[in-house]
Protein chains: 2
Amino acid sequence: MAPAAELDSVDLEILRLLQNDARITNKELAAAVRIAPSTCLDRVARLRSIGVVLGQTIRVDPERLGRPLDALISLRIQPHRRELVDPFVTHVLGLPETRALYNLAGPDDYLVHVSTAGAGDLQRLVLDAFASRDEVSRVHTTLIFQQWAGGPLLPPGAAPPTSGGRTSGSRSGGRVDTE
Amino acid sequence: MAPAAELDSVDLEILRLLQNDARITNKELAAAVRIAPSTCLDRVARLRSIGVVLGQTIRVDPERLGRPLDALISLRIQPHRRELVDPFVTHVLGLPETRALYNLAGPDDYLVHVSTAGAGDLQRLVLDAFASRDEVSRVHTTLIFQQWAGGPLLPPGAAPPTSGGRTSGSRSGGRVDTE
DNA sequence: AGTGAAATTTTTACGTA
DNA sequence: TACGTAAAAATTTCACT
């Protein structure tokens, strides 16, 4: 279930529009890509069924949830064995501050993106949730000043957004500024 | 428009459910949080209007879009002035491989999360899109073996998901494994 | 695969407690 | 603020090209 799916330009355009605003109605979406609503529904259903579209989520503003301070925490795991790593991953994903977790190829094994309530919360997190654990041999924290969410990830050569129509909101070029 | 919004436990539960699956109908959502559909609609509309909910997007599988290889690219910008930085940010956000961009506090000024078609594409990207630029003085690339998307980011103390009902799909604990 | 129209479900608006 | 009902609009199904 890994290989790349075959997508035509209409599929790519649908993905682009939905990634920009998934609340668009099927009717509007169909009009934007110039096909009938029922056909459009089939297209989207297919994209779901073949796993290109994994799901649909709301984008939440961390600041308005009381977590204005973001940071990246690099971690080195000492005996890098599965018995220690799996519980560690579970632990990190269980933290409410965790936004993303990466297992890396470099000397630092893991990178955690966290959103915290402030410097105090971040310090507490670094000390209590990471540094204090036996399997963690090194912790390095970097503050995030600003961040931008990625765009549609569409393959190069994909058709550019249709000229006239902004679908909704006030985005710029399909990219979403999150800060 | 920055301070934390006042949210009660119902709001938090709504956010959690929508973040898990934004395609849930308002009717189902209302039932899950035990309020009337019309009330639920008001709640969600409020969350949108006060900016807690920024929008709605589909989650796309990068692998199925032909980008199975992820990497983090650290960058140092030489004269770190706005005239150079702004075009650089625009350039990075314009790359189809870009998934996220961070402006950091450390010695490395920027971190770019990219999804690429493979080692060749990544090499081309590092050389042509980053290393070749005048304002970029240092490039460091780290491969991502595995990654996990963060969860609801909800404040601690928020009520756990209601006992019986899984809303849809087969997620685990509200977290979404993206690899 | 794509389409148009009917049938179903959902969203939305509004009056009331 | 929350609710229930009614109107509007959406999605979804289906027979046909």
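A, B, ... follow the sequence lines: proteins, then strands. Residue 1 opens every chain.
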Participant: To the nearest 0.5 Å, what is the distance between CG (B/Asp108) and CD1 (B/Ile73)?
Facilitator: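 Reported value, rounded in 0.5 Å steps: 12.0 Å.
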Participant: Could you tell me whether B/Glu83 atom CD has more than 12 heavy atoms of other residues or ligands within 6.0 Å of it?
Facilitator: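 More than 12 heavy atoms, drawn from other residues, nucleotides or ligands, come within 6.0 Å of this atom.
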Participant: Just jot down the ring-ring contact (aromatic ring centres under 6.0 Å, His included) partners of B/Phe88, sequence neighbours excluded, or say none.
Facilitator: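 Scan of B/Phe88 (ring-ring contact (aromatic ring centres under 6.0 Å, His included), adjacent residues dropped) gives B/Tyr110.
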Participant: How about CG on B/Asp128, more than 12 heavy atoms from neighbouring residues, nucleotides or ligands closer than 6.0 Å, or not?
Facilitator: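 Buried by this count: over 12 neighbours within 6.0 Å.
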Participant: Which angle, rounded to 10°, do you find between the first-five-pair axis and the last-five-pair axis of the helix from C/dA1-D/dT17 to C/dA17-D/dT1?
Facilitator: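 Axis angle across the helix from C/dA1-D/dT17 to C/dA17-D/dT1, nearest 10°: 30°.
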Participant: Looking at residues at least two apart in the chain, or sitting in another chain, which of them share a salt bridge (Lys or Arg N to Asp or Glu O under 4.0 Å) with B/Arg133?
Facilitator: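 Checked B/Arg133 against salt bridge (Lys or Arg N to Asp or Glu O under 4.0 Å); matches are B/Glu135.
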Participant: Could you walk me through whether A/Tyr102 and B/Asp70 pass side chain to side chain contact (heavy atoms under 4.5 Å, CB included), step by step?
Facilitator: CA-CA 10 Å; A/Tyr102 303 94; B/Asp70 277 37; 6.0 Å; no
Participant: Any side-chain N or O of B/Arg46 below 4.0 angstrom from OP1/OP2 of D/dT1?
Facilitator: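 No.
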Participant: What residues form a side chain to side chain contact (heavy atoms under 4.5 Å, CB included) with B/Arg82, not counting sequence neighbours?
Facilitator: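 Side chain to side chain contact (heavy atoms under 4.5 Å, CB included) check on B/Arg82 returns B/Asp86.
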Participant: Strictly under 3.5 Å: I want the nitrogen or oxygen pairs between protein and nucleotides 10-12 of chain D, one per line.
Facilitator:
from, atom 1, to, atom 2, distance (Å)
D/dA10, OP2, A/Lys27, NZ, 3.0
D/dT11, OP1, A/Asn26, N, 2.6
D/dT11, OP2, A/Asn26, N, 3.3
D/dT11, OP2, A/Lys27, N, 3.4

Participant: Using chain B heavy atoms and a threshold of under 4.0 Å, write down where along DNA chain C the contacts begin and end, 5' to 3'.
Facilitator: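 From 5' to 3', the first and last contacting nucleotides are C/dT10 to C/dA13.
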Participant: In whole Å, I'd like the distance from the CG atom of B/Leu7 to the P atom of D/dT1.
Facilitator: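 To the nearest whole Å, that distance equals 14 Å.
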Participant: Thinking salt bridges, do B/Arg76 and B/Asp109 make one under a 4.0 Å N-O criterion?
Facilitator: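 Salt bridge absent between B/Arg76 and B/Asp109.
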Participant: Looking only at heavy atoms, what is the nearest atom pair of B/Ile58 and A/Leu18, with distance?
Facilitator: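 Smallest interatomic distance, heavy atoms only, reads CD1-CB, 3.5 Å.
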Participant: Rounded to the nearest 0.5 Å, how far does CG of B/Asp134 lie from CG of B/Leu84?
Facilitator: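 B/Leu84 atom CG to B/Asp134 atom CG measures 9.0 Å (nearest 0.5 Å).
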